[in-house]
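Each remark here refers to the structure printed beneath this line.
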Amino acid sequence: MASPSHSLSLHDSQTRQKRVFTPIDPENVRVYYCGPTVYDAVHIGNLRAMLSADILVRLLRCLYPHVTFVRNITDVDDKITARARENGETIGALTARTTEIFHEDVAELNILPPDVEPRATHHIDDMLAMIDQLVASDHAYVAEGHVLFAVDRCASYGALSGRSPEDLLAGARVEVAPYKRHPGDFVLWKPSSADQPGWDSPYGRGRPGWHIECSAMSRRYLGESFDIHGGGDDLMFPHHENERAQSLCCAPASGFAHTWLHNAMLLSNGEKMSKSLGNFYTIRQVLTRAPAEALRLLMLGTHYRSVLDFTWEKLEEAKRTLDRFYRALERTPPLAEVEPASSLCAPFMNALCDDMNTPLALSCLHPLADAALQGDQAASDALSACGRLIGILTRSPDLWFRSGADDTAIEALIAQRAEAKKARDFTTADDIRARLSEQGILLEDTASGTSWRRA
RNA sequence: GGUCCGGUGGCAGAAUGGUGAUGCAGCGGACUGCAAAUCCGCGUACGUGGGUUCGAUUCCCGCCCGGACCUCCA
């Protein structure tokens with residue numbers, strides 16, 4: 001663990017203030033993030049929330065002895081039902097397949113798995129128990145086979161997203177169903193037809209509404225109150241607002257999530273990256289242009305609460321930055337088992353502890369790389385430790401610079417070129433270098449000989 | 001229409017009521033057969049109009065511009 005002198009501040013979306021983070025139970029910090037709905041591969045915009053959570057959890061693990069991180073999988077949803085029908089596959093096959101792709105994608109970005117990854121379909125009983133409770137306490141009502149949450153029975157409804165139930169009518173995009181008492185009321189349980197997934201319940205065969213799953217699963221694994229709940233900005237309303245209302249009405253004194261974290265959106269050409277606009281990239285598309293580690297660094301180069309406009313230029317720049325960092329680590333290899341407690345890491349840690357200011361933290365890495373390039377062992381150790389803390393610089397420089405190339409053939413050409421150089425036949429030498437360059441192999445002559453790397 | 005966030009050098013991107021980080025790109029130099037890498041040095045910015053203040057990029061108000069949300073969303 002890092003020195004206890006680092007105190008973590010986080011910006012809480014509900015109070016819109018940066019506050020010193022104080023865990024409910026310092027022995028077990030509890031975090032919940034909303035995970036994906038598994039009907040399709042995620043795009044790199046979706047991964048931003050996963051990465052924000054990853055940085056948060058990695059940091060918390062430095063500061064506290066134990067962290068429980070829960071991130072759900074939504075595997076029941078009308079989009080899933082529709083997609084499975086389009087694809088001519090079963091819902092189970094679709095959700096299993098896309099969950100696997102999701103796991104591969106987050107692993108590519110070096111996003112660590114959560115401690116618990118509950119699936120909605122495994123917690124229908126928990127959801128129904130909560131729905132029963134809400135109906136019994138008159139926070140919800142049954143109408144035409146639906147169970148609806150009554151927003152006007154929750155005094156603080158709207159407190160998270162900063163809107164009143166009346167405000168919500170202004171947008172006029174609410175579904176005004178005749179069975180709703182208030183247009184803002186939302187579904188906890190809805191009836192399923194024979195060709196829709198459904199579970200038996202006191203309200204008939206049906207399926208859960210979107211929001212209840214997170215209330216049920218966070219309660220199951222983290223309790224009625226926990227430390228941090230996070231997700232993308234676009235989840236703040238309605239998803240988190242509704243989740244909060246459900247949970248608080250079940251446990252009014254709990255406070256539910258003490259801190260809410262919302263990351264801003266990833267843009268593409270100045271607009272939110274989204275499936276519907278078609279302006280998205282998957283991680284596989286990125287991998288054709290740069291290692292996933294470059295994408296990770298790119299994303300960390302903007303604060304999580306600021307919008308980030310994705311461009312290929314930024315990806316290239318991130319890759320070059322990693323080239324330099326890895327070169328520093330190659331020049332002065334870090335000693336094993338270094339801890340981020342070194343005083344050299346203090347500016348970096350302070351930046352991270354200030355509401356996860358990753359851009360500022362990254363700027364602290366450059367002087368370390370400069371020093372490591374000059375042979376400074378402590379700087380190299382610190383660079384490696386800081387990098388690992390945020391999930392970069394985890395591989396060997398050799399792997400970074402030279403993986404996937406045919407080193408035998410390259411070494412042979414380098415030997416040929418060395419002969420040519422010895423004979424001062426620079427035309428041949430330059431020709432060999434040019435040929436390798438076309439294959440993306442870059443030669444570097446040094447006093448001790450020629451080394452190569454992938455460009 | 002409602003709610004909220006933002007506008008910083010060529011680009012990206014932080015901090016800050018008082019000499020404005022960092023990176024990339026650019027320019028000059030060292031090194032090199034030439035490169036690459038590395039090293040040294042240099043330049044350029046607070047959307048706009050007011051206000052508060054000894055002093056504003058920072059705080060407040062108006063305006064302009066951009067983005068997000070307003071029951072699909074990371």
Side-chain angles (χ1 to χ4, degrees), chain A residues 13 16 33-37 39 42-53 71 77-79 82 151 158 161-164 166-177 180 183-187 209-211 230-239 241-242 262-267 270-276 297-298 301-303 305-309 311 313-314 316-318 320-321 323-324 327-328 330-331 347 351 354 357-367 369-370 373-374 421 424-427 429-430 433-434 437 442-447 450-453 455:
Chain A
S13 323
R16 297 201 181 90
Y33 259 74
C34 293
T37 300
Y39 69 102
V42 297
H43 57 67
I44 57 175
N46 300 126
L47 289 173
R48 196 173 185 205
M50 310 304 145
L51 182 57
S52 296
R71 188 185 62 212
D77 179 276
D78 289 351
K79 283 199 296 292
V151 292
S161 56
R163 46 192 107 205
S164 64
E166 291 69 41
D167 289 339
L168 302 176
L169 302 180
R173 260 167 64 175
V174 285
E175 182 194 356
V176 184
K180 284 188 182 179
D185 292 352
F186 57 90
V187 168
W210 175 29
H211 319 295
D233 243 356
D234 52 356
L235 291 185
M236 184 145 69
F237 189 88
H239 184 54
E241 189 70 61
N242 292 353
H262 289 96
N263 58 278
M265 296 294 101
L266 184 72
L267 311 184
E271 280 185 305
K272 176 177 168 179
M273 187 173 283
S274 73
K275 287 261 163 70
S276 54
L297 184 70
L298 180 164
T302 298
H303 188 92
R305 286 192 292 110
S306 297
V307 293
L308 195 184
D309 200 0
T311 63
E313 290 71 23
K314 280 183 194 165
E316 180 57 32
E317 185 177 330
R320 279 198 298 267
T321 301
D323 280 343
R324 185 174 167 86
R327 191 169 292 118
E330 188 171 49
R331 195 76 48 97
D354 184 8
N357 192 336
T358 51
L360 187 60
L362 288 172
S363 76
C364 299
L365 261 34
H366 290 280
D370 293 345
L373 279 162
Q374 301 309 309
K421 278 180 64 177
R424 301 198 66 78
D425 176 4
F426 294 120
T427 312
D430 289 350
R433 185 168 61 194
S437 174
L442 213 138
L443 297 188
E444 296 182 343
D445 292 334
T446 67
T450 300
S451 64
W452 64 274
R453 63 183 169 95

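To find a chain, count down the sequence lines: A is the first, B the second, and so on, and within it residues start at 1.
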Original post:
Looking for any heavy atom pair under 4.0 Å, which part of the strands does A:L443 touch: base, sugar-phosphate only, or nothing?
Top reply: base

Original post:
Applying a 3.5 Å limit to both distances, which nucleotide forms a Watson-Crick or G-U wobble pair with B:C59?
Top reply: B:G51

Original post:
How long is the line joining CZ of A:R331 and C1' of B:A37, in whole Å?
Top reply: 7 Å

Original post:
Looking at B:C73, does its base get a donor-acceptor pair with the side chain of A:K272 below 3.5 Å?
Top reply: yes

Original post:
If pairing requires Watson-Crick or G-U wobble contacts with both distances under 3.5 Å, which nucleotide is the partner of B:U3?
Top reply: B:A68

Subject >> Nucleotide B:A35, atom C1' - distance to CD of A:E444 in whole Å >> reply: 10 Å

Original post:
Base, sugar-phosphate, or nothing: which does A:Q374 touch, judged by heavy atoms less than 4.0 Å apart?
Top reply: sugar-phosphate

**OP:** Nearest whole angstrom, please: distance from the C1' of B:A15 to the CG of A:N357.
**Re:** 8 Å

Original post:
Pick the nucleotide of RNA chain B nearest each of A:G270 and A:T302; which residue has the one closer to the 5' end?
Top reply: A:T302

Original post:
Relative to each other, are the rings of A:H239 and A:W210 parallel, tilted or perpendicular (30° and 60° limits)?
Top reply: parallel

**OP:** Could you tell me the separation between the CG atom of A:L308 and the C1' atom of B:G66, rounded to a whole number of Å?
**Re:** 16 Å

Original post:
Looking across every strand, which nucleic acid part, if any, lies under 4.0 Å from A:G45 by heavy atom: base, sugar-phosphate, or nothing?
Top reply: base

Subject >> Separation of B:A74 C1' from A:H43 NE2 (nearest whole Å) >> reply: 8 Å

**OP:** For A:D445, answer base if it contacts any base atom (sugar-phosphate contacts may also be present), sugar-phosphate if it contacts only those atoms, and nothing otherwise; contact means non-hydrogen atoms under 4.0 Å.
**Re:** base

**OP:** Name the nucleic acid region contacted by A:H303, choosing base, sugar-phosphate or nothing; use a 4.0 angstrom heavy-atom cut-off, strictly under.
**Re:** sugar-phosphate

Original post:
For B:A21, what is the paired nucleotide under Watson-Crick or G-U wobble rules, both distances under 3.5 Å?
Top reply: none

Original post:
How many Å lie between CG on A:L298 and P on B:C11, as a whole number?
Top reply: 18 Å

Original post:
Would you call A:R433 and A:D430 a salt bridge, using N to O less than 4.0 angstrom?
Top reply: yes

Original post:
Do any side-chain nitrogens or oxygens of A:R327 fall under 4.0 Å of OP1 or OP2 in B:U38?
Top reply: yes

Subject >> Length of the line joining A:M273:CE and B:C72:P, which is rounded to integer Å >> reply: 22 Å

**OP:** With a 3.5 angstrom cut-off on both distances, give the Watson-Crick or G-U wobble partner of B:A36, or none if there isn't one.
**Re:** none

**OP:** Write down the partner of B:C31 under the Watson-Crick or G-U wobble criteria, each distance required to be under 3.5 Å.
**Re:** none

Original post:
Can you check the A:R16 CZ to B:C69 P distance for me, whole Å?
Top reply: 16 Å

**OP:** Could you tell me whether A:M236 contacts a base, only the sugar-phosphate backbone, or nothing, with contacts defined as non-hydrogen atoms closer than 4.0 Å?
**Re:** nothing

Original post:
Within the pair A:K314 and B:G13, is there a side-chain N or O less than 4.0 Å away from OP1 or OP2?
Top reply: yes

Subject >> base_contact_polar (B:A35 base, A:R433 side chain, donor-acceptor, <3.5 Å) >> reply: yes

**OP:** Report which part of the nucleic acid A:L266 touches: base, sugar-phosphate, or nothing (heavy-atom distance under 4.0 Å, all strands).
**Re:** base

**OP:** Do nucleotides 16-24 of chain B as a string where each nucleotide becomes B, S or -: B if the base has a protein heavy atom under 4.0 Å, S if just the sugar-phosphate does, - if no protein is that close.
**Re:** -----BSBS

Original post:
Does A:W210 place a side-chain N or O at less than 4.0 Å from the phosphate oxygens OP1/OP2 of B:C73?
Top reply: yes

